[in-house]
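Working notes for the structure below.
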Amino acid sequence: QRCCICHLWGASVTCRGRRCPRIFHFPCGSERGCVSQFFGEFKSFCWKHRPVQCVQAVQQDQTLCLICQEAVAGQPCYDTLVCPACASAWFHRRCIQGQALRSAQHHFRCPLCQDVATFQEEMFRLGIKIPDR
């Protein structure tokens, strides 16, 4: 199959969006904003069909990432995620992915409210890989 992003042969990841014909390489998809879920059926979604956060979170002036202390986007998006439990913890996707890889499933939780179950479920859904150990 031909990748819909780089147009080279060998693509094997298909979007699970309804009737979506997009097929891409995993690295190309990651660069373009595609989401791959690392649980259950291991579904992948293109940039148009990826899951989004439905958290009602309001920023106070300029909000900073809790991990790197740099500014985040003004609303939840692909690169900016919010804790679904407290709606006060904002972080970059790359920062929370790094924390997930270092913490593993047993210790991975919201850095602010310490919620585990709701936080991990949402992060899994949004394509954050959380290793078993």
Side-chain angles (χ1 to χ4, degrees):
Q1 299 286 335
R2 197 176 278 260
C3 177
C4 68
I5 299 167
C6 72
H7 305 291
L8 296 176
W9 291 98
S12 60
V13 182
T14 58
C15 176
R16 294 290 295 266
R18 193 171 175 155
R19 297 185 187 144
C20 183
R22 290 186 181 93
I23 300 173
F24 46 90
H25 298 109
F26 182 79
C28 294
S30 295
E31 289 176 17
R32 181 66 157 78
C34 300
V35 168
S36 291
Q37 297 175 334
F38 299 96
F39 71 97
E41 297 178 29
F42 291 86
K43 297 177 183 177
S44 292
F45 301 92
C46 70
W47 56 94
K48 283 194 172 195
H49 300 108
R50 67 182 174 220
V52 295
Q53 281 197 290
C54 300
V55 176
Q56 297 297 324
V58 179
Q59 282 191 8
Q60 311 297 340
D61 299 323
Q62 178 97 24
T63 302
L64 302 178
C65 171
L66 282 178
I67 299 167
C68 72
Q69 295 297 304
E70 293 183 12
V72 294
Q75 60 188 11
C77 60
Y78 176 75
D79 290 319
T80 300
L81 305 178
V82 180
C83 172
C86 67
S88 298
W90 293 68
F91 24 76
H92 298 110
R93 175 178 289 275
R94 70 181 186 283
C95 295
I96 201 65
Q97 178 61 77
Q99 182 175 334
L101 293 174
R102 287 186 298 276
S103 302
Q105 201 164 7
H106 185 23
H107 297 289
F108 185 59
R109 60 195 67 215
C110 173
L112 187 63
C113 71
Q114 302 297 306
D115 179 82
V116 176
T118 307
F119 183 73
Q120 283 189 10
E121 183 180 327
E122 181 76 346
M123 294 302 113
F124 268 131
R125 189 181 74 80
L126 295 171
I128 300 299
K129 181 172 180 16
I130 308 169
D132 291 336
R133 47 181 155 156

[X] side, atom [atom1]; [Y] side, atom [atom2] - distance, nearest 0.5 Å:
X      : Y     : atom1 : atom2 : result
Arg125 : Lys43 : CZ    : NZ    : 11.5 Å
Cys20  : His49 : SG    : NE2   : 4.5 Å
Cys77  : Arg93 : SG    : CZ    : 9.0 Å
Trp9   : Cys3  : CH2   : SG    : 11.5 Å

Non-hydrogen side-chain atoms of [X] and [Y] separated by less than 4.5 Å:
X      : Y      : value
Val35  : Pro51  : yes
Ile128 : Leu81  : yes
Trp90  : Pro76  : yes
Leu101 : Pro131 : yes
Arg32  : Phe24  : no
His92  : Val72  : yes
Gln120 : Met123 : no
Leu8   : His25  : yes

Side-chain donor or acceptor of Gln53 paired with backbone N/O of Val82 under 3.5 Å: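 Checking the backbone N and O of Val82 against the side chain of Gln53, a donor-acceptor pair under 3.5 Å is found.
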
Cys34 backbone acceptor or donor facing Arg50 side chain under 3.5 Å: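 Here the side-chain-to-backbone pair does not exist.
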
Stepwise side-chain contact (heavy atoms from CB on, under 4.5 Å) check, Phe119 with Gln114: CA-CA 9 Å; Phe119 183 73; Gln114 302 297 306; over 6 Å; no

ILVMFWY cluster, Ile5 and Tyr78 together (side-chain gap under 4.5 Å):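 No, Ile5 and Tyr78 fall in different hydrophobic clusters.
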
Whether Phe38 and Phe26 hold their rings parallel, tilted or perpendicular, with breakpoints at 30° and 60°: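 Because their plane-to-plane angle is over 60°, the rings of Phe38 and Phe26 count as perpendicular.
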
Parallel, tilted or perpendicular, as decided by the 30° and 60° cut-offs, for the rings of Phe124 and Phe39: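 If you compare the ring of Phe39 with that of Phe124, the planes turn out tilted.
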
